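As C-alpha cells, the structure follows; a few thoughts come after it.
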Amino acid sequence: MKKTKVLERNQVLFLFTLPILIMYCVFFIIPLLMGMKNSFTDWSGTSANYNFIGFGNYIKIFSDERFRNALVFNFKYTFLLTAATVAISLVIAIILNQKIKARGFLRSIYFLPAILSLVTVGLIWNELFYRMIPVIGEVTGWKLFQSSWLGSPKMAMYAILIVNLWQGCATPIVLLIAGLQSVPVDLYEAASIDGATAWDKFKAITIPYLIPVLNMVIVTCVKGGLTTFDYIKAMTDGGPMQSTESVGILIYSHAMQEGKFGYSVAESMILFVIIALVSVLTMRMTNDKKVGD
C-alpha cells in the first residue's frame, strides 16, 4: 500500500515537470541535434538543397586564421573579464556589507545596470565613447583620450570590457553580499582573539566560505566572455580592423551575411565544446577548496 502511494506521488510530480521537460526538448535538445546535423552540410541557410560534406567544415575551421584570431580574442577577453569581475565585485561587496550610511540605497544603485538590456547599454556607452572621450582629451590634453577608444584597434576591446564590467558586476555583487552574510561572525571574533590580521581573516575565513558563490560567478563570467556578442555588435560590430571580432560575431557574420550556415553551425559546435570543457575545468579547480581547508 505504501509503495503504491509513493508511486502515485512520483507520477504526480513527474506530470508537474513534464511541461518544462517538453519545452526543454523543443527549444534546446531538438535545435541542438538539428544543428549538429547541419554542421556536416554546406547548407547556405536559405537554399532547399544542400550536400553532406562530413567533417569538411570542421577541417576548414581549424585551418581558418580568422577563426583562430577570434578565439584568441575570446580567451583574452574572458580572462580579463573574469579576473576584473571577481576583484571588483568582491571589493564592492565587502564595502556594502559593512555598516555604512545609505547602504540599502547604494546596493540598489549598484544593481540598477543589471535591469537594462545589453544592447541598450552598448548603444548608450557607444555615444559616450564617441562624444565624451574626445572632449575629455581636448580639455586635459591627454593623448589617451584625444580620440574615441572604439575607433582604436588597441583600445576597442578595453572599451567594451569597461561597459561589460559596468553592467556585469551587478549580479555578482548581490551574490557575494549574500555569501558574506553567511559567514559566522564568531569565527572573525575568535580569529581576532588569536591575533589574526585582516588579511589572515579574509584568506582563512572569508574566501573559503565564498567558494560556492565564487564558483558560480567564475563559471558565469567564463561563459559570458566566451559567448560575448551583444556589446560588440552594438558598439564595434567586430571592428576596427576585426580587432574585436569574437567567435559569436564571426558565427553571425558567416551565417547571416556570408550565407555559410553549415559552416557557422560547425563553429558554434566547437564553441559549445570549448565552453563545456572550460566550465568543467573551472568548477573542478574551484571545488578543490572547501570551508575548513
Side-chain angles (χ1 to χ4, degrees), residues 60-88 113-114 116-137 142-170 172 218 220-261 263-275 278:
K60 187 176 179 181
I61 287 171
F62 286 112
S63 60
D64 187 352
E65 184 178 359
R66 189 178 173 189
F67 179 82
R68 291 199 301 270
N69 291 337
L71 198 59
V72 169
F73 169 85
N74 271 84
F75 279 117
K76 184 179 179 181
Y77 184 86
T78 299
F79 174 78
L80 294 174
L81 176 66
T82 303
T85 298
V86 171
I88 295 172
L116 302 175
S117 71
L118 302 182
V119 176
T120 301
V121 170
L123 292 174
I124 292 173
W125 278 86
N126 189 42
E127 290 297 313
L128 291 175
F129 276 114
Y130 274 112
R131 298 181 187 275
M132 186 181 71
I133 294 295
V135 173
I136 295 175
W142 295 341
K143 292 183 179 181
L144 183 64
F145 298 99
Q146 287 182 351
S147 61
S148 173
W149 290 359
L150 296 178
S152 169
K154 293 182 179 180
M155 296 301 298
M157 184 189 71
Y158 298 101
I160 297 170
L161 183 64
I162 289 172
V163 179
N164 199 340
L165 290 171
W166 179 80
Q167 185 178 39
C169 286
I218 291 172
T220 303
C221 287
V222 169
K223 181 212 174 255
L226 292 175
T227 60
T228 183
F229 176 84
D230 302 77
Y231 296 115
I232 298 175
K233 186 64 180 175
M235 298 177 70
T236 64
D237 199 20
M241 299 172 60
Q242 297 181 349
S243 60
T244 61
E245 187 174 62
S246 65
V247 176
I249 292 292
L250 186 60
I251 291 171
Y252 174 84
S253 177
H254 282 152
M256 308 303 295
Q257 297 174 359
E258 301 178 26
K260 301 177 181 178
F261 195 85
Y263 188 79
S264 69
V265 174
E267 290 175 322
S268 67
M269 288 295 153
I270 293 175
L271 183 61
F272 171 79
V273 173
I274 291 174
I275 293 172
V278 172

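In this chain, residues are counted from 1 in sequence order. For the numbers below, each heavy atom of this structure counts, side chains included, while hydrogens, waters and symmetry mates do not. As the structure is a computational prediction, the values presented were derived from the model and not from experiment.
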Subject >> Where at least one partner belongs to residues 125-137, residue pairs that pass salt bridge (Lys or Arg N to Asp or Glu O under 4.0 Å), sequence neighbours excluded >> reply: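 Found Glu127-Arg131.
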
Would you say that [X] contacts [Y] through its side chain, given a criterion of any heavy-atom pair below 4.5 Å between the two side chains?
X	Y	answer
Thr236	Phe129	no
Phe73	Ile249	no
Ser253	Arg66	yes
Met235	Thr244	no

Could you measure the distance from the [atom1] atom of [X] to the [atom2] atom of [Y]? Nearest 0.5 Å is fine.
X	Y	atom1	atom2	value
Tyr77	Met157	OH	CE	8.5 Å
Ser152	Ile133	OG	CD1	11.5 Å
Asn74	Ile275	CG	CD1	8.5 Å
Asp64	Leu250	CG	CG	7.0 Å
Trp125	Trp149	CH2	CH2	9.5 Å
Tyr263	Ile61	OH	CD1	5.0 Å

Which pairs would a plain distance check flag for residues 264-273, meaning a side-chain donor or acceptor within less than 3.5 Å of a matching protein atom at least two apart in sequence or in another chain?
{"from": "Ser264", "atom 1": "OG", "to": "Lys260", "atom 2": "O", "distance (Å)": "3.4"}
{"from": "Ser264", "atom 1": "OG", "to": "Phe261", "atom 2": "O", "distance (Å)": "2.7"}
{"from": "Glu267", "atom 1": "OE1", "to": "His254", "atom 2": "ND1", "distance (Å)": "3.0"}
{"from": "Glu267", "atom 1": "OE2", "to": "His254", "atom 2": "ND1", "distance (Å)": "3.1"}
{"from": "Ser268", "atom 1": "OG", "to": "Val265", "atom 2": "O", "distance (Å)": "2.6"}

Original post:
Looking at residues at least two apart in the chain, or sitting in another chain, which of them share a side chain to side chain contact (heavy atoms under 4.5 Å, CB included) with Pro134?
Top reply: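 Testing Pro134 for side chain to side chain contact (heavy atoms under 4.5 Å, CB included), a comparison that skips the adjacent residues, returns none.
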
Original post:
What residues form a side chain to side chain contact (heavy atoms under 4.5 Å, CB included) with Tyr130, not counting sequence neighbours?
Top reply: Asn126, Ser148, Leu150

Please report the closest heavy-atom contact between [X] and [Y], naming both atoms and the distance.
X	Y	result
Cys221	Thr82	CB-OG1, 3.6 Å
Pro240	Pro153	CG-N, 3.6 Å
Leu81	Gly224	CD2-C, 4.5 Å

Original post:
Please, which pairs that meet ring-ring contact (aromatic ring centres under 6.0 Å, His included) have at least one residue in residues 233-252, sequence neighbours excluded?
Top reply: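 The answer is Phe229-Tyr252.
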
Subject >> Donor + acceptor pair across side chains of Tyr231, Gln167 (<3.5 Å) >> reply: yes

Subject >> Check: Lys60 main-chain N/O paired with Ser63 side-chain donor or acceptor under 3.5 Å >> reply: yes

**OP:** Name all pairs fulfilling the side-chain hydrogen bond (donor to acceptor under 3.5 Å, both in side chains) condition that reach into residues 221-230, sequence neighbours left out, sorted by first residue then second.
**Re:**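 Pairs touching residues 221-230 that pass the test: none.
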
